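Values below: every heavy atom of this structure, side chains too, minus hydrogens, waters and symmetry copies. Residue numbers start from 1 in every chain, and the chains themselves are labelled A, B, ... in the order their sequence lines are given, proteins ahead of strands. Since this is a predicted model, take the numbers as computed values, not measurements.
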Amino acid sequence: MIDPSETPSGKLVPGKSILVLDNVSVSFDGFKALNALSFVVMSGEMRAVIGPNGAGKTTMMDVITGKTRPDQGKVIFRDYHDLTRLDEPRIANLGIGRKFQKPTVFEALTVLDNLWMALKANRRIRAMFTFTLSSANRARIEEVLEVTGLTALRDDLAGGLSHGQKQWLEIGMLLVQDPDLLLVDEPVAGMTDAETEATATLLRTIAKSHSVVVVEHDMEFVRALDVPVTVLHEGSVLADGSLDTVQRNEAVIEVYLGR
Amino acid sequence: MSATNISLRLLGNDTGARVFLAAIIALTVLVPILNVAVPPDSPFHVPTYAVSLFGKYLCFALLALSVDLIWGFCGILSLGHGAFFAIGGYAIGMYMMREIGPRGVYGHPELPDFMVFLNWTELPWFWLGFDMFWFAAAMVVVAPGLLAFVFGWLAFRSRVSGVYFSIISQAMTYALMLAFFRNDMGFGGNNGLTDFKDILGFNLQANATRITLFVFSGVALIGAFALCRFIVASKMGRVLIAIRDAEARARFVGYRTDMYKLFVFSVSAVLAGIAGALYVPQVGIINPGEFSPLKSIEIVVWVALGGRGTLYGAVLGAISVNALKSYFTALAPEIWLFLLGGLFVLVTVALPRGLVGLRGQLARRRANSGALKPKLAERDPAS
Amino acid sequence: MNFIRTFLAGLLVVLAAAMATPAPVSAGELEDRVKALDAKNFAGKGKAIEALEALADPAALPVLRAMQEGLLFREKATKRIVIGVKAARSFEIFDALSGEALGVVKKRKLKKISVNNRLRGRLRLAIGALALTSGDAAARSSAAKALVKDADPTILPALDRALAREQEVEVAAVMGVARAAIQAKGGEKSARLAAISALEGVLDREVMVVLGTLSQAANEPDAEIRALATETLAATEASGRYYGMLETLFFGVSLGSVLLLAAIGLAITFGVMGVINMAHGEMIMLGAYTTYVIQQVFPGAIEYSLAIAVPVAFLVSGAVGVVLERSVIRFLYGRPLETLLATFGISLVLQQAVRSIFSPLNRSVITPDWMSGALEVNAALSLTYNRLTIIIFTFVLLLMIAALLRYSSFGLRMRAVTQNRAMASAMGIRTNWVDALTFGFGSGIAGIAGVALSQLTNVGPNLGQQYIVDSFMVVVFGGVGNIWGTTLGAMTLGIANKVMEPWSGAVLGKILILVFIILFIQKRPSGMFALKGRAAEN
Amino acid sequence: MQGKTILGMATAAATFGFAVTAMAADTIKVGVLHSLSGTMAISETTLKDTVLMLVEEQNKKGGVLGKKLEAVVVDPASDWPLFAEKARELLEVHKVDVVFGNWTSVSRKSVLPVIEELNGLLFYPVQYEGEESSKNVFYTGAAPNQQAIPAVDYLMDQGIQRWVLAGTDYVYPRTTNKILESYLKTKGVAAEDIMINYTPFGHSDWQTIVSDIKSFGAAGKKTAVVSTINGDANVPFYKELGNQGIKAEDIPVVAFSVGEEELSGIDTAPLVGHLAAWNYFMSADAEVNEDFIAKWHAFIKDEKRVTNDPMEAHYIGFNMWVKAVEKSGTTDVDTVRSAMYGITYPNLTGGVAVMNTNHHLTKPVLIGEIQSDGQFETVWQTPGGVIGDAWTDFLPDSARIVADWTAPITCGNFNIDTGKCSGQNY
């Protein structure tokens, strides 16, 4: 097998798909969380995924990041790697970053340490003892602190941050990790309107140089992102297209408004 | 911004560590001097009894340190660490048995007494090589390290964690205890290894040997402390804490958490093995009782009592519990278990951060003088 | 004590019966031969027993029975042979033959007429021969059984007479087997061969002993008889093998029940509440001590003592559990590993407490008669009553717990609190009382387990420690938080242990089981019955 | 602050000893080294009380050499390395003149180097596997030839042909069974008539083993079980025997570790007739014994408490030591040790015990059957005393070794082939 690190890389390869889900199914004790789900994310694309509770959004994220093994189907990353065969760290190191629904940062570490941890670097054990911060990385961290508004809190323990600040820190961690594909799960839950707007702006900026999948409930936010939308229902794709198209779709209305 | 700046924060309060180091160094230097150079009738004389007692405490402290490294920093609660300690002890014990040579009870040139006695005709293969000190010394490191590696590899790779890990580590030491109790195993059964005469040719009952072993224990403790601090102060330390608090998250950031856990678990087992190897020549016996699950729980209690996640707290806990045990078992033999048991309960309920947290807790109480909730930052991280 | 009282009552009945029938021999003769029992050495006593037996007088029965039980004495002053029953610090004595009460004397006024095992065997035979024609059906049946191994052909005429008179079919069958076994031992060769053949398939151990004896050259000179005996024995053993497997299964289920009993309380305190309860073993210990205390308080009700002890032990251990929860454990929720330390401290305190209160020695808990002995399915398979009782008891207890958790409002609240504390609290459930009661419930169950275990093992300060490690293994192996997992886990481990024991030995068997648990947890990191999906991650 | 605490602890630990030693130098100190907690407390606590009683008795008589005796009690907590630590504490810190202590072999092995190094004096009161004779230890319990061999002789006399040697897997049963196996074979017992079985400490599930014993005993030869099962494992073993219907008349069990105290924790009704071999039974018919029991009951304030063999061993050992101290006029260990040889003291069963130069006693051996009241009825007893043999004659490696601490051998481990001493200090 070819070492995955030798395969074609690069942030954006226009016109190529970065992620393909092909006929993926997952069930828990008989409950089908994903049901023959297939969809494609193109390189450089930002895609919003919406759907009612239990539609399989989080399970889909779990399958992509290696947390859950699907019962069937393939998940192909950059036309080459079948993610269903790899574990979480491997997938993360291939260049897929994930932000959780509930902000999870390392609470007993400082804000700075959290960013340090996430920084794109050699993850081998040996490297831990020889690790030093290059000036480029230092600048990068400063920049991210600035962007996320955490400069003043850099030496505070992450556990002491407010909910919103934790959201920002987690986004900051994604930024320093610098993955090719970002999976963002409900980034604005619990944020104020102003923060939501700032987040939307930030995501749009990120999307210029990365591929992004955003899972979100907040329609206003999705509208603000102004990207193609995929609607999941009962573990498979119900509809996709622009938000307006999707919102006019009969099936979608039925699912959302109930019958 | 500098690396040291960040690492200092990790240790919470660095003065604690500095005071601790000074105290251990002072103890390592002063005790031998006060034993040898000060005349016995002087009030400053440290009797030999106290030297071997302190030597024992130092070994326990090293053992506690090894547990704190994995529990305090990586959240791995091993209820089987006594096994690594015992294996280290058996390795050096086997060497000392071989050293007895033909001076045994039955005068057999090669076989230890208990083998002659059980009609063994030749040395079993796993006893070969233990007549050489370097080999035994290597085994002190390799045997516990290898066991920890294999056990950890199995456990961490399949993501056995939390209480499940604790219980199977207990099963491991329990199984080893039963195995070592078996006389057929060739490790002396219930009596274990005893009747040691000398180590590297030095008589174990000579005062000089005892002092030397004491100093070695002190040096080993200081060295291990430095090693542990180096580990936790490096980026590794941060990864360990990250794994402790949010292992899944650390995996999504790209860290192979199983490998990190395996690494630190093996290092910890090696330290425990060294502690055992220093302990056995000082107490003169190693037997399967050291594998008993209760012993391993006791080790965890030392660490918790001293305060985990600080390294020096573990040392403090090990020394104070054992000093109390020595003291109470002579002073109040009938009720010492009440006192010790009561102390465990009291400390867990009233001092969640152990003895080393006491100062902070008092300071906070003075500052707040009200029952304010502790800030999130001060919340106990490993629970 | 109780047993002596029963014995005495029986004795008087027999005495009355004996006096009702006219004595066939002169009273003087009988009295002399009874006196002879007080011979200087065991050989002399043996002769005296034979002489007494030869009289074939049922009046000698109580004397022989008393001798077998060690209740026969010589009053030093009067040289009379008396039956003595211990009353407080002295003895109440009765005339050996007449049964007339002779008052109460100090121990040192009496000299015991001692017996050893050989004499006891001799006595059993003599009593058997005498009892063949007297007493109730059960007595006759056991008398006939007693003859199988030791009796020689001289008893055959007596046996034949008894057989001829016997009305009960079952007793007659036993006598028939005894007759064949005795015939096989000696006499005319063809009759012996026939008798041996008749014994094929009789799974009685004593009969097999007889056959075994006959199959050995040292005991039997005749090769033909040896061959037939060997063959018959082999055939009998082959049919016994199937029962051997059943027996192993029974042993396994019984060990599994013990493990389950020990673990089931922990499945609640640890499995459901997440408290790593190192004091669990001591809760079991408290239950066992409760049984002891109950037996001390009601010495006359040993037969019912366990029935009384079960609820009392539940209350005692449960109360201690509630107190512990309220005073210590409630401060430690959300810090499971710290509960380990606190409860470890508590276990030390409780151990030392019973050491101080009850002394460090083991206490003697009496097994009620109805739990002694064994249910003989057939001679090859006998299920001991205490094990059988414990298996049944365990499953009844299990069903009750399951029903309580499922159907009662307490169970509902308990499940609500453990699944979502905040929500339960918002719905008006007093979560802290539910916590206390749940912990108390788990502890109380452990106390009940203690009552059962007091019938199997030592009641001492170390009782709890014996079971704590195994209990954790069972709960974890079965899957934390699942009572049916605990049940299946306990049964699997119990049966596996017993199946392996014969070829691996007890120690190696246990080591293999532990290694198996370690490897199993690698495969199923959350035990046999793990929660899956989202629920497992919280 | 943390540092201060450590140093504070250290100083406290180091100095508490001086506080104790400083006071009362006009007493003779008697160390008591018995576990009061942990698994062995069950057996050893009684021995601690016995020594305290003996000390009290002696003080009532005016002490020894005009000085009062003072007992120093420590708790080694059933923790073997702690035994060594506590022994050192007794000798170095408390400066005791004699130590009474230990139960398990492993605890004795742990203490041995300390006692020898500091030239202390230990009285060890429990029956044990032999194969040892230390200059500094007097073994007042039975050696294998004072328990196991006479018991087997008795059973052979009773017609036993088939033997189950069941024991806990540790050194005492291993040794005893080896000696017995070799002894039985010299008596013409075939290998297939001997079944040896070992179980772990505290074994509680005896179903399979008892069932095996049952079928082993069904082979047509009279069978007996020689049990070296230790401590807690006995109760479930006997209960299982009773429940599976094995009576003493069918398969008697002779035990070497079951005495009155162990029986006090068992319902003995189903055990009547099973045997034990000891050097003392509480039921022994002798004035001294009645006296001893009365004193014990008065001391412990409980009429129900029993006495047992190790208590008698302490009784003999203590009184011999007192006699030896008075004879030599000092508590100096070497002097007392020499004075011990040949010293006699009436034992509780009516005869006289003698301390031999191999540090073992000459005592009678008694075989008793369990009675329903938890006592033993003596059914056989050696005509005179049996000399305790440190090195058994039934193992080839040990047969060559003798122990004699008087000239010309002056050694606990003298090889008669090579004429050399080896092993323990000498």
Exercise. Which residues in residues 512-522 of chain C have any heavy atom lying under 4.5 Å from a heavy atom of chain B?
Worked result: C/Leu514, C/Ile518, C/Leu519, C/Ile521, C/Gln522
Problem set entry | Short side-chain to backbone donor-acceptor contact, B/Thr348 and C/Leu341, under 3.5 Å | no
Exercise. So which residues of residues 148-163 of chain B are in contact with chain C at a heavy-atom cut-off of under 4.5 Å?
Worked result: B/Phe151, B/Leu154, B/Ala155, B/Ser158, B/Arg159, B/Val160, B/Val163
Exercise. Taking atom types as modelled and ignoring hydrogens, do the side chains of C/Glu325 and C/Tyr333 form a donor-acceptor contact shorter than 3.5 angstrom?
Worked result: yes
For this session: Mind telling me whether B/Phe265 and B/Phe165 have parallel, tilted or perpendicular rings, with 30° and 60° as the class edges?
Result: perpendicular
Exercise. Can you say whether C/Phe331 sits under 4.5 Å from chain B via the side chain, the backbone, both, or neither, judging by heavy atoms?
Worked result: side chain
Problem set entry | Per-residue contact mode, C/Ser347 against chain B (heavy atom under 4.5 angstrom) | neither
Seminar exercise, completed: side chain to side chain contact (heavy atoms under 4.5 Å, CB included) test vs B/Trp71 passes for just one of B/Val300, B/Ile299, B/Ile76, namely B/Val300
Exercise. Of C/Val275, C/Leu340, C/Thr343, C/Val476, which is the lone residue that meets side chain to side chain contact (heavy atoms under 4.5 Å, CB included) with C/Phe270?
Worked result: C/Val476
Problem set entry | Option that, when pairs with chain C are counted at under 4.5 Å, heavy atom only, ranks first among B/Phe344, B/Trp336, B/Phe181 | B/Phe344
Problem set entry | Per-residue contact mode, B/Leu346 against chain C (heavy atom under 4.5 angstrom) | neither
Exercise. Would you find a donor on one side and an acceptor on the other, under 3.5 Å apart, between the side chain of B/Ser166 and the backbone of B/Leu77?
Worked result: yes
Seminar exercise, completed: On a heavy-atom basis, the closest approach of B/Ala83 and B/Met172 is CB-CE, 3.9 Å
Seminar exercise, completed: Highest number of heavy-atom pairs under 4.5 Å with chain C among B/Ile335, B/Val347, B/Asp184, B/Ile297 belongs to B/Ile297
For this session: Check whether NZ of the Lys or CZ of the Arg C/Arg326 lies under 6.0 Å from the centre of the six-membered ring of C/Trp433 and within 45 degrees of that ring's axis.
Result: yes
For this session: Please check if the side chain of B/His81 supplies one atom and the backbone of B/Ser169 the other of a donor-acceptor pair under 3.5 Å.
Result: no
For this session: Go through the steps for C/Ile346 and C/Leu350 under the test side-chain contact (heavy atoms from CB on, under 4.5 Å), then give the verdict.
Result: CA-CA 6 Å; C/Ile346 292 167; C/Leu350 286 175; 3.9 Å; yes
For this session: Take C/Gln465 and C/Glu282 through the side-chain hydrogen bond (donor to acceptor under 3.5 Å, both in side chains) test and state the conclusion after the steps.
Result: CA-CA 8 Å; C/Gln465 286 181 358; C/Glu282 278 61 40; 5.0 Å; no
